[in-house]
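Reading through the structure tokens given below for one structure.
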Amino acid sequence: MNAITHHLPDEILAAYAGGSLDYAFELVVAAHVSLCDECRAALTAHEAAGGAVLEEVGATAVSPELRSRLFAELAGPEPEAAVPTWRRRGPYPAPVVEALEGAEPRWRSLGNGARQCMLEESARGSVRLLYIPPGQAMPEHGHRGLELTLVLQGAYRDASGRFGPGDVAVEDDDEGHQPIAEPGEVCICLAAADAPLHFRGIVPRLAQRFFRI
Amino acid sequence: MGSDAGQDERAGEAQPRALCEQTKQMLAVRDGRDRAAFGALFDHYAPRLKAMAIRGGATPALAEDIVQDVMLTIWRKAAQYDPARAPVSAWIFRIARNRQIDIARRSRRPEPEALDNAPEPASGDAGAGDILGLEQEAEALGRALLALTPEQRAVIERAYLGDLTHSEIHAETGLPLGTIKSRIRLGLDRLRHELKDLRS
């Protein structure tokens, strides 16, 4: 894997540490940090700052029953781990495997060989896997809010540079941008947005109606 | 604060100072399943965790449920605590934030993959200096937080208690965040190198 050159900005890592990001962006942060030591260290720094805030934030007395309830639970048997531990599989870091519930992505066509697999969609945002054949353009789109795109396999280029495995692109404007997958491997990305993506052109718009993109 | 600065400069070498109480207690919980030490951690952190949960929007009753859940998670995940990688307050902050979100959403929050090597044993020579160094930086971080103006400190608190969006953090915390983070640069560099060694 090439060195990662596009990282998460501090405010996104701080927002993840503080807990104000929505699920879609949390998934991209968790996936990127799984691949990027630089951002793992930076996230730890934010958590250290969070720990300092925890130490200083003040204290609210807890009821005496809480202590006895807790120690009664310690005395009981420890439950078996209720949630499975997911592991990285192929290009997918563990948090993405978890979002897929361990299954292979169920791709749906976007036309021109491009595909997507919606992982989560709500009024607050969406997160999906995108599959772009080598040399193909991602359907052109603009957006109103924040968009994070993490490359998991292959690479693409757009006006702002080259993005390879582990690189994350941060778009926070309404510029239309047209990423094109590099020759070679299929480009697979994890993309999160807090507003619906607006694909330009008739075919993508039809696809948008049918496939809820 | 001249004497303080002198102490900081010597931090990487001899360690006349002992680990802080919470770190020792957490290691006793991890390595000895020590309930008295866990009780002491409870007395220190439970009221702080309750305050954090209430600031995060929980009612006092829900806040107590969250505190119970977080403390139980600390007990059960103690084997994953590595004092060379994160100060105990940072590790507990992370667990508290994750559990609070899990409970609010009734589903698991996406978390980064865990590093798969085992934590340093507390007695290992290699670990001891790193642990103290990281702790001293955490203390310096706490002092830096207290040294901010009340307004700057309020902004930092709101950021890490989940009250600010990423764009608000970008717009409002630049200066104090830089001050805070410069205090833990050494620890970060060390962590980065350790991660690099781990993968090579």
- Picking from B:Gln22, B:Arg33, B:Glu111, B:Met52, which has the most non-hydrogen pairs under 4.5 angstrom with chain A? B:Glu111

- Query: B:Arg35, B:Arg55, B:Gln100: which one forms the most heavy-atom pairs within less than 4.5 Å of chain A?
  - Reply: B:Arg35

- B:Ile54 and A:Thr60: which non-hydrogen atoms are nearest, and at how many Å? CD1-CG2, 4.1 Å

- Task: Mind listing the closest non-hydrogen atom pair of A:Glu56 and B:Leu146 along with its distance?
- Result: OE1-CD2, 3.7 Å

- For A:Phe71 and B:Met71, what are the C-alpha separation, side-chain angles and deciding distance, and is it a side-chain contact (heavy atoms from CB on, under 4.5 Å)? CA-CA 10 Å; A:Phe71 274 81; B:Met71 291 305 303; over 6 Å; no

- For the residue pair A:Gly50 and B:Phe93, what are the closest heavy atoms and their distance? O-CD1, 3.3 Å

- Item | Side chains of B:Glu64 and A:Ser63, donor plus acceptor under 3.5 Å | yes

- Between B:Ala51 and A:Gly58, what is the shortest heavy-atom contact and its length? CB-O, 3.7 Å

- Query: Are the side chains of A:Ile12 and B:Ile169 in touch, meaning some heavy atoms are under 4.5 Å apart?
  - Reply: no

- Report yes if the side chains of A:Leu70 and B:Trp75 come closer than 4.5 Å at any heavy-atom pair, otherwise no. no

- Under 4.5 Å to a heavy atom of chain A? For B:Leu49 that would be both

- Taking every non-hydrogen atom, the tightest pair across A:Tyr23 and B:Pro110: CE1-CG, 3.5 Å

- Task: Report yes if some heavy atom in the side chain of B:Asp43 is under 4.5 Å from a heavy atom in the side chain of A:Arg67; otherwise report no.
- Result: yes

- Query: Going through the checks in order, is the side-chain contact (heavy atoms from CB on, under 4.5 Å) test met by A:Glu26 and B:Ile101?
  - Reply: CA-CA 11 Å; A:Glu26 284 182 342; B:Ile101 292 175; 3.8 Å; yes

- Item | Pairs of heavy atoms under 4.5 Å with chain A: top-ranked of B:Ala90, B:Ala46, B:Pro60, B:Ala96 | B:Ala90

- Message: Checking the side chain of A:Ser20 only, and the main-chain atoms of B:Leu164 only, is there a donor and an acceptor separated by less than 3.5 Å?
- Response: yes

- How many angstroms lie between CG in B:Leu115 and CG in A:Asp37, if you round to the nearest 0.5 Å? 7.5 Å

- Contacting moiety of A:Ala61, where chain B heavy atoms sit under 4.5 Å: backbone

- Of all heavy-atom pairs between B:Pro112 and A:Leu43, which one has the smallest distance, and what is that distance? CG-CD2, 4.3 Å

- Does CZ belonging to A:Arg89 count more than 12 external heavy atoms closer than 6.0 Å? yes

- Message: Can a donor-acceptor pair be found, under 3.5 Å and without considering hydrogens, that links the side chain of B:Arg48 to the backbone of A:Ala59?
- Response: no

- Message: As an exercise: rank B:Gly39, B:Ser167, B:Ser107, B:Pro87 by heavy-atom pairs under 4.5 Å with chain A and give me the winner.
- Response: B:Gly39

- Cut-off 4.5 Å, heavy atoms of chain A, and the answer for B:Arg105 is side chain

- Take B:Arg94 and A:His46 through the test side-chain contact (heavy atoms from CB on, under 4.5 Å) and record every step on the way to the result. CA-CA 10 Å; B:Arg94 177 197 299 171; A:His46 287 292; over 6 Å; no

- Item | Under 4.5 Å from a heavy atom of chain A, the part of B:Asp69 involved | neither

- Query: For the candidates A:Leu74, A:Val96, A:Val29, A:Val28, which exhibits the highest count of non-hydrogen atom pairs separated by less than 4.5 Å from chain B?
  - Reply: A:Leu74

- Message: Using heavy-atom distances under 4.5 Å, tell me whether B:Leu161 contacts chain A through its side chain, its backbone, both, or neither.
- Response: both

- Which bit of A:Ala75 is near chain B, if near means a heavy-atom gap under 4.5 Å: side chain, backbone, both or neither? both

- Message: I'd like to know whether A:Leu66 forms a side-chain contact (heavy atoms from CB on, under 4.5 Å) with B:Phe42, so could you lay out the CA-CA distance, the side-chain angles of the two residues, the decisive distance to 0.1 Å, and finally the verdict.
- Response: CA-CA 10 Å; A:Leu66 177 59; B:Phe42 177 91; 4.0 Å; yes

- Task: Please say whether the positively charged group of B:Arg109, taken as NZ for Lys or CZ for Arg, lies over the ring of A:Tyr16, i.e. under 6.0 angstrom from the six-membered ring centre and within 45 degrees of the axis.
- Result: yes

- Query: For B:Arg97, is it the side chain, the backbone, both, or neither that has a heavy atom closer than 4.5 Å to a heavy atom of chain A?
  - Reply: side chain

- Query: So, does B:Glu113 use its side chain to make a donor-acceptor pair with the main chain of A:Ala94 at under 3.5 Å?
  - Reply: yes

